[in-house]
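In this chain, residues are counted from 1 in sequence order.
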Amino acid sequence: MKQIMLATALLLVLVLSTGAGKTSTARLSGNLFVNPDLTKGAERPEGWQISLMAEEVFNVRYTAKGSAEAAVEIESLGSDYSGYLNQRVTVEPNSWYRVEVTTRLLKGRGLIWVYGYGADGKQVFYDKRKYLHTFVGHPLVPHFVPKEYMNGTDDDSWRIEVLDIYTGATKGQAPPVTLRVSAGVYFATTRIKFKSLEIYKIEKPGDARRRHR
């Protein structure tokens, strides 16, 4: 009986920890991205740009186009450059939004990066980031350096990375009305894949929980 109770408790902990990066909050809009699942396109997915600092350093692959398995892979062969899959969306100022990126980080370091533009089309001081790290394939782990000492994860399976952002004014500038959302390689020898991306308006995190108490 004790073994059954212990197994049940461990299962509950696993279920709760699986959603640790994504808090429950009300969704107030649909997905603002065009072609969010990357299924439409020929050489590149429609509606998306791929920006590379030096094209000769990168391998970009658009695979399984037209199917549910469509994905974009960005591989950097050097550590001195960045490269991103990106798209611009119109947002409301002084509002909360959630960015979700289904990604598979196979090597190196990635970044989800959001910056904004004002009503005049000029860039404003608005910069939100989430860094992604993995030590998959690290030659010193785990025999010489314990996993616990490393920054990042050794999980290279598909996962959803979440970034909640608020479109308020920063340092006295007007709040953004357009966001450029980028996901990709951040100055590292990296291999990263993307399968779907979302951005949608949400309640202020925590409001739904307080309202239902």
Side-chain angles (χ1 to χ4, degrees), residues 21-23 25-58 60 62 70-74 76 80-103 109-132 160-188 190 192-208:
K22 183 178 178 181
T23 58
T25 188
R27 182 171 182 151
L28 303 180
S29 77
N31 192 353
L32 303 181
F33 285 133
V34 175
N35 190 24
D37 57 5
L38 309 177
T39 55
K40 300 177 182 177
E43 297 300 317
R44 294 287 187 266
E46 291 180 7
W48 294 91
Q49 290 186 331
I50 297 178
S51 305
L52 308 174
M53 287 182 65
E55 291 189 6
E56 65 274 13
V57 179
F58 289 88
V60 178
Y62 180 30
V72 169
E73 177 181 329
I74 302 177
S76 171
D80 297 325
Y81 304 94
S82 61
Y84 300 99
L85 177 71
N86 57 73
Q87 187 175 141
R88 294 193 188 192
V89 296
T90 300
V91 294
E92 299 175 21
N94 305 312
S95 301
W96 282 92
Y97 288 84
R98 173 164 289 173
V99 179
E100 294 186 18
V101 179
T102 302
T103 183
R109 185 171 61 198
L111 174 65
I112 301 171
W113 182 20
V114 182
Y115 57 95
Y117 301 86
D120 58 0
K122 296 181 179 180
Q123 189 171 347
V124 297
F125 190 87
Y126 184 88
D127 188 317
K128 308 296 181 182
R129 304 185 182 201
K130 182 173 185 178
Y131 294 93
L132 313 176
I160 299 176
E161 295 288 350
V162 177
L163 174 62
D164 289 345
I165 57 176
Y166 180 67
T167 57
T170 305
K171 293 191 175 182
Q173 296 194 29
V177 296
T178 302
L179 298 180
R180 182 177 181 179
V181 183
S182 302
V185 173
Y186 183 72
F187 295 100
T190 297
I192 189 169
K193 292 184 176 183
F194 302 102
K195 189 158 64 173
S196 66
L197 302 95
E198 289 193 77
I199 180 171
Y200 52 89
K201 189 177 180 182
I202 60 172
E203 282 190 331
K204 180 180 178 180
D207 278 1

Revision key, fill the gap. One should read off an interatomic distance between Leu28 CG and Arg98 CZ, to the nearest 0.5 angstrom, of 11.0 Å
**Study point:** Closest heavy-atom pair and its distance - Pro175, Gly168
**Key:** CB-C, 3.8 Å
Point to revise | Whether Ser51 side chain and Gly83 backbone form a donor-acceptor pair below 3.5 Å | key: no
Hey, can you pull the donor-acceptor pairs under 3.5 Å for the side chains in residues 114-125, sequence neighbours left out?
{"residue": "Tyr115", "atom": "OH", "partner": "Arg180", "partner atom": "NH1", "Å": "2.9"}
{"residue": "Tyr117", "atom": "OH", "partner": "Arg88", "partner atom": "NH2", "Å": "3.1"}
{"residue": "Asp120", "atom": "OD1", "partner": "Lys122", "partner atom": "N", "Å": "3.0"}

Exercise for review: Could you tell me whether the side chain of Thr167 reaches within less than 4.5 Å of the side chain of Tyr126, counting heavy atoms only?
Suggested key: yes
Exercise for review: Starting at CG of Asp164, measure out to NZ of Lys204 and round the result to the nearest 0.5 Å.
Suggested key: 12.5 Å
Revision key, fill the gap. d(Ile192 CD1, Ser76 OG) to nearest 0.5 Å is 11.5 Å
Check your understanding: Quick one: salt bridge (Lys or Arg N to Asp or Glu O under 4.0 Å) pairs with a partner in residues 25-37, sequence neighbours left out?
Key -> Arg27-Glu198
Exercise for review: Would you please classify the geometry between the Trp48 ring and the Phe33 ring as parallel, tilted or perpendicular, with 30° and 60° separating the classes?
Suggested key: tilted
Check your understanding: Between Tyr84 and Gly184, what is the shortest heavy-atom contact and its length?
Key -> CD2-N, 3.5 Å
Practice item. Measure the spacing between OG1 of Thr102 and CG of Leu197 and express it to the nearest 0.5 Å. Key: 7.0 Å
**Study point:** Non-hydrogen side-chain atoms of Val162 and Val99 separated by less than 4.5 Å
**Key:** no
Review point. How about Phe187 and Met53: do any of their side-chain heavy atoms sit closer than 4.5 Å?
Key: yes
Check your understanding: Distance from Leu32 atom CG to Tyr200 atom OH, nearest 0.5 Å?
Key -> 11.0 Å
Practice item. Please report the shortest heavy-atom distance between Lys195 and Ala70, naming the atom on each side. Key: CG-O, 3.5 Å
Point to revise | Main-chain N/O of Val34 paired with Gln87 side-chain donor or acceptor, under 3.5 Å | key: yes
Review point. Any side-chain heavy atom of Asn31 sitting closer than 4.5 Å to one from Glu100?
Key: no
Exercise for review: Using atom types as modelled and distance alone, determine if a side-chain donor or acceptor of Thr190 lies under 3.5 Å from a backbone N or O of Gly110.
Suggested key: no
Practice item. For this output row, return yes or no: ring centroids of Tyr131 and Tyr186 closer than 6.0 angstrom. Key: yes
Point to revise | Contact summary for Arg129 and Leu163, nearest pair of heavy atoms | key: O-CD1, 4.0 Å
Point to revise | From Leu132 atom CG to Glu161 atom CD, the distance as rounded to the nearest 0.5 Å | key: 5.0 Å
Check your understanding: With a 4.5 Å limit on heavy-atom distance, are the side chains of Thr25 and Trp96 in contact?
Key -> no
**Study point:** Beyond-backbone contact of Leu52 with Tyr81, side-chain heavy atoms, under 4.5 angstrom
**Key:** no
Point to revise | Note, Tyr62 side chain near Glu43 side chain (heavy atom, < 4.5 Å) | key: no
